[in-house]
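Accompanying notes for the structure given below.
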Amino acid sequence: MTERADGRGASAQAPEPGLLDAAATPLGALLRLFDLARVGEDSFRGFAPPAGRRIYGGLVIAQALVAAQRCVEGREPHSLHAYFLLPGDPYAPILYDVERLRDGGSFSTRRVVAKQHGRAIFTLAASFQIAEAGLEHMAPPPAVPAPETLPSEAELLARHAERLSEPVRRFLASERPIETRPVDPEGYFRREGGASGLNVWLRASGRLPDDPGVHRAMLAYMSDLTLLDTALMRHGRIVMDPGLQVASLDHALWLHRPFRADEWLLYAQESPNAGGGRGLARGGFYARDGRLVASSVQEGLMRPLKP
């Protein structure tokens with residue numbers, strides 16, 4: 001990595017041939033954010049888009065996973081468990097310190113602490129394993145329409161603009177690195193609640209490099225997008241509703257099988273519990289061929305604000 005005049009790390013590597021222009025596309029910009037600067041033997045520096053009041057949690061999960069992967073050789077991550085400690089400051093760099101907890105015959109464990117302004121804002125533990133064969137089974141995917149048959153975000157905006165709040169309209173109208181197609185878009189408008197689950201097709205909005213580590217980081221980024229909505233929709237609410245304080249508290253992700261994050265993945269989610277100002281949601285990522293490639297669980301703050 002090289003240093004720019006403003007102190008931010010800039011990658012010295014040219015983009016892979018044919019990869020989307022990082023300066024021109026949201027996906028390319030996100031890939032640049034995954035390219036952490038090494039500032040010590042096991043320390044890395046990352047950045048977030050300088051906008052908003054706090055950093056999107058999925059970005060911190062993805063960057064911490066990237067940092068952990070760079071401190072392991074010959075083994076792939078199979079699980080991670082994370083806690084969000086403080087809101088991230090989008091206008092400050094993030095320092096990721098990796099601790100090598102254990103290297104056994106088959107497994108390696110790494111702990112990552114993300115810091116800003118001298119304080120820990122996030123911690124992640126990740127386990128890595130050598131490639132092994134063994135017994136296999138997996139839950140089948142739900143029966144849902146193919147993503148090509150579902151309306152795009154632009155089509156949803158055109159159909160439902162008058163029913164959407166201004167923040168939601170701006171969100172749907174913006175170009176983003178992840179393309180999403182909800183199986184039941186009307187679920188976002190039904191205010192009576194009771195939705196038992198949320199199924200969403202997701203993929204990166206363009207081609208990714210072939211490096212499996214990039215695809216794992218992208219899936220980690222995507223895994224935080226809609227889990228809290230799953231819990232809120234049971235009560236006829238969504239993350240962007242006014243009058244709610246919503247934040248991720250912890251997050252777990254298990255990686256089961258190889259996948260590509262630039263191909264459609266079905267994120268099948270459900271919320272088994274809410275209480276005490278918190279909601280729990282879990283999900284499974286399915287490839288188009290029905291393979292369960294990853295599973296996630298998250299608990300989030302769902303606190304109604306006092307008038």
- Please report the closest heavy-atom contact between Leu265 and Phe285, naming both atoms and the distance. CB-CD2, 4.2 Å
- Item | Result of checking Arg102, Arg110, His78, His81 against Ser127 for side chain to side chain donor-acceptor pair (under 3.5 Å) | His78
- Supply the atom-to-atom distance Leu202 CG to Glu179 CD, rounded to the nearest 0.5 angstrom. 9.5 Å
- Query: How are the rings of Trp201 and Trp264 set relative to one another: parallel (under 30°), tilted (30 to 60°) or perpendicular (over 60°)?
  - Reply: perpendicular
- Least distance between heavy atoms, Arg54 atom then Pro87 atom: CB-CB, 4.2 Å
- Task: Give the C-alpha distance, both sets of side-chain angles, the deciding distance and a yes or no for side-chain contact (heavy atoms from CB on, under 4.5 Å) between Ile94 and Ile55.
- Result: CA-CA 10 Å; Ile94 313 165; Ile55 300 173; 3.7 Å; yes
- To the nearest 0.5 angstrom, please state how far the CG atom of Leu232 sits from the OG1 atom of Thr226. 11.5 Å
- Message: Applying the side chain to side chain donor-acceptor pair (under 3.5 Å) criterion to Ser223, which one of Gln298, Gln269, His251 satisfies it?
- Response: His251
- Please name all residues satisfying side chain to side chain contact (heavy atoms under 4.5 Å, CB included) with Glu99, sequence neighbours left out, ordered by chain then number. Leu101, Arg111
- Donor-acceptor pair, Ser296 side chain versus Arg282 backbone, under 3.5 Å? no
- Cluster question for you: counting only ILVMFWY and a side-chain heavy-atom cut-off of under 4.5 Å, with indirect links fine, are Leu266 and Met222 together? no
- Task: Output the distance between atom CZ (Phe34) and atom CG (Leu65), rounded to the nearest 0.5 Å.
- Result: 9.0 Å
- Query: Are Met302 and Leu280 grouped together when hydrophobic residues (ILVMFWY) are joined by side-chain heavy atoms under 4.5 angstrom apart?
  - Reply: no
- Query: Would a distance-only check, ignoring hydrogens and angles, find a side-chain to backbone donor-acceptor pair under 3.5 Å from Asp250 to Glu299?
  - Reply: yes
- How far apart are the closest heavy atoms of Ala294 and Leu255, and which atoms are they? CB-CD2, 4.2 Å
- Taken in chain and number order and not counting sequence neighbours, the residues that satisfy side chain to side chain contact (heavy atoms under 4.5 Å, CB included) with Pro141 are Tyr286
- About how many Å separate CZ of Phe128 and OG of Ser106, when rounded to the nearest 0.5 Å? 15.0 Å
- Message: Show, in sequence, the C-alpha distance, side-chain angles and deciding distance for Leu292 and Arg257, and conclude whether the side-chain contact (heavy atoms from CB on, under 4.5 Å) test is met.
- Response: CA-CA 7 Å; Leu292 179 64; Arg257 295 171 178 84; 4.2 Å; yes
- Item | Over 12 foreign heavy atoms within 6.0 Å of CZ, Arg291 | yes
- Item | CZ on Arg75 to CG on Asp103, rounded to 0.5 Å | 6.0 Å
- Task: Show your working on side-chain contact (heavy atoms from CB on, under 4.5 Å) between Leu150 and Val144 and close with a plain yes or no.
- Result: CA-CA 10 Å; Leu150 299 170; Val144 299; over 6 Å; no
- Query: Is Glu148 atom CD crowded by more than 12 heavy atoms from other residues, nucleotides or ligands, each under 6.0 Å away?
  - Reply: yes
- Tell me, please, which residues at least two apart from His256 pass ring pair (Phe, Tyr, Trp, His ring centres under 6.0 Å). none
- Query: Around Tyr83, counting heavy atoms of other residues, nucleotides and ligands shown, do more than 12 lie under 6.0 Å from its OH?
  - Reply: no
- Would you say Glu155's side chain and Ser152's backbone share a donor-acceptor pair under 3.5 angstrom? yes
- Do you know which two heavy atoms are closest between Leu227 and Ala281, and how far apart they sit? O-CB, 3.3 Å
- Task: Test side-chain contact (heavy atoms from CB on, under 4.5 Å) on Arg176 and Leu30 and set out the steps.
- Result: CA-CA 9 Å; Arg176 296 186 302 285; Leu30 178 59; over 6 Å; no
- Message: Checking the side chain of Asp229 only, and the main-chain atoms of Val239 only, is there a donor and an acceptor separated by less than 3.5 Å?
- Response: yes
- Give a yes or no on this: more than 12 heavy atoms of other residues, nucleotides or ligands lie within 6.0 Å of atom CZ of Arg303. no
- Does the distance from a Lys or Arg side-chain N to an Asp or Glu carboxylate O, for Arg70 and Asp35, drop under 4.0 Å? yes
- If you look at every heavy atom in Ser79 and Trp254, which pair is closest and at what distance? CB-CD1, 3.5 Å
- Item | Side-chain donor-acceptor contact under 3.5 Å, Ser271 with Arg234 | no
